[in-house]
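Inspection log for the structure reproduced underneath, given as structure tokens.
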Amino acid sequence: MGAAAAAAEAGTAPAGSGRSRSHSRCRGAGTSPDTRSRKGSMAAQSTIGILGAGEIGQAVADKAVRHGHEVLIGNSRGPETLKAVVEQLGPKAHAVTAEEAAQPELVILAVPFFAVPDLTGLTDWSGKIVVDATNQFAEANPWRGRYDVGDLTGSEWVAERLPGARIVKAFNSLFAAFIAADPQHDEGRQVVFYAGDDADAKAAVSGLLDQFGFAALDLGGLREGGRLMQLDGPLSARHFLLQDAG
């Protein structure tokens, strides 16, 4: 990662961070999570790369190691800056360079949006599943403004800068605290929306979300689903619980 990624390693703030932290409930009937057979599911123990060690990256890393995955976490400042982070996460978490964190077949993208162009040459992205947890903030510390991507959705713009990657938008609509918390509640499971254009990649991410205990809800492709989830979209910073129909 280039120098730009160092601007905000403290966390990738959720979309619409100026909004209240609403938490609503939705019933399972008619909005059930994806329970199809999942070709290429990542639910089995595997190695997951995480680019970005802010609040979102750490929250996803914690879920991954708790469910038996090895995690390679890297940032722009080098693995020596992540010693405390991996010590807190436990022995399955490893502080590595950004280049090493980009090597697994599934990578969580949790860097500031404006740092994404620095990642283009980090690895050969062809065929990798990249979970895009970024939001289109133009600046950080504090998060403010909106990065101009023209008529594209944020994830379509990200896809152009990671050639060949299979992008799945997920996690970006949630505040980090909702990702870090136990997703299982008396009232239902925490919903994580996801969207993407590659069916197998989406199935793998859905399986991983299910393993983590979330209710994974498919919003379609990066174009239509991405617009719902991204900064200023109607689902931005909206938190829902799914009540499974018995």
Side-chain angles (χ1 to χ4, degrees), residues 12 14-15 33-44 46-52 56-57 59-61 63-64 67 69 71-73 101-111 113 116 119-120 122-136 149 152-174 176 178-179 183 190-231 233 235-236 238 240 242:
T12 26
D34 186 356
T35 55
R36 297 171 299 169
S37 175
R38 297 184 177 93
K39 180 181 177 182
S41 174
M42 296 295 296
S46 60
T47 300
I48 296 174
I50 299 183
L51 286 167
I56 300 275
V60 177
K63 285 288 185 292
H67 289 85
H69 299 274
V71 168
L72 306 181
I73 186 166
Q103 297 313 306
E105 290 305 301
L106 186 143
V107 177
I108 309 295
L109 189 61
V111 301
F113 189 81
V116 171
L119 309 179
T120 301
L122 204 59
T123 188
D124 179 2
W125 293 102
S126 298
K128 292 184 184 293
I129 299 173
V130 175
V131 180
D132 178 18
T134 66
N135 288 294
Q136 294 161 243
V149 296
L152 297 174
T153 63
S155 286
E156 288 176 317
W157 184 89
V158 168
E160 288 187 351
R161 280 141 189 87
L162 305 181
R166 297 183 288 164
I167 304 293
V168 180
K169 190 74 168 174
F171 291 120
N172 69 293
S173 65
L174 301 178
F178 287 85
I179 301 172
Q190 174 68 58
V191 169
V192 175
F193 299 109
Y194 68 99
D197 296 332
D198 184 287
D200 287 346
K202 287 171 66 176
V205 173
S206 177
L208 189 68
L209 292 171
D210 286 350
Q211 186 196 49
F212 289 176
F214 294 107
L217 295 186
D218 185 353
L219 296 182
L222 293 179
R223 188 70 171 176
E224 63 273 18
R227 289 205 186 282
L228 294 172
M229 299 164 63
Q230 70 182 17
L231 187 63
L235 297 177
S236 171
R238 303 297 184 188
F240 298 90
L242 180 71

Working to the nearest 0.5 Å, report the span between [atom1] of [X] and [atom2] of [Y].
{"X": "K202", "Y": "L222", "atom1": "NZ", "atom2": "CG", "value": "8.5 Å"}
{"X": "K128", "Y": "I167", "atom1": "NZ", "atom2": "CD1", "value": "12.0 Å"}
{"X": "K169", "Y": "L228", "atom1": "NZ", "atom2": "CG", "value": "12.5 Å"}
{"X": "R166", "Y": "E105", "atom1": "CZ", "atom2": "CD", "value": "8.0 Å"}

Which heavy atom of G221 sits nearest to which heavy atom of A195, and what is that distance? O-CB, 3.6 Å
Distance-minimising heavy-atom pair for A176 and A59: O-CB, 4.0 Å
Report yes if some heavy atom in the side chain of [X] is under 4.5 Å from a heavy atom in the side chain of [Y]; otherwise report no.
{"X": "L242", "Y": "F214", "answer": "no"}
{"X": "E160", "Y": "L152", "answer": "yes"}
{"X": "F212", "Y": "P183", "answer": "no"}
{"X": "L162", "Y": "L109", "answer": "yes"}
{"X": "L231", "Y": "F113", "answer": "no"}
{"X": "S155", "Y": "M229", "answer": "no"}
{"X": "P104", "Y": "L72", "answer": "yes"}

R161: what forms a salt bridge (charged side-chain N to carboxylate O under 4.0 Å, His left out) with it, not counting sequence neighbours? none
Kindly write out the residues that satisfy salt bridge (charged side-chain N to carboxylate O under 4.0 Å, His left out) with D197, not counting sequence neighbours, or none if the list is empty. none
Would you say the side-chain atoms of Q230 pair up with the backbone N or O of R227, donor to acceptor, closer than 3.5 Å? no
Do any N or O atoms from the side chain of N172 and from the backbone of N135 form a donor-acceptor pair under 3.5 angstrom? no
Going by the side-chain hydrogen bond (donor to acceptor under 3.5 Å, both in side chains) test, name the single residue among K63, H69, H67 that passes it with Q211. H69
Parallel, tilted or perpendicular: ring planes of F193 versus F240, cut at 30 and 60 degrees: perpendicular
Test side-chain contact (heavy atoms from CB on, under 4.5 Å) applied to I108 and D132, I73, V205, V131, the passing residue: V131
Would Y194 and L217 count as a side chain to side chain contact (heavy atoms under 4.5 Å, CB included) here? Give the steps. CA-CA 6 Å; Y194 68 99; L217 295 186; 5.6 Å; no
The criterion is side chain to side chain contact (heavy atoms under 4.5 Å, CB included); which residues satisfy it with A102, sequence neighbours excluded? L51, L122, T123, W125
Under the criterion side chain to side chain contact (heavy atoms under 4.5 Å, CB included), I'd like the reasoning laid out for L219 against L235: C-alpha separation, chi angles, the key distance, then a yes or no. CA-CA 11 Å; L219 296 182; L235 297 177; 3.6 Å; yes
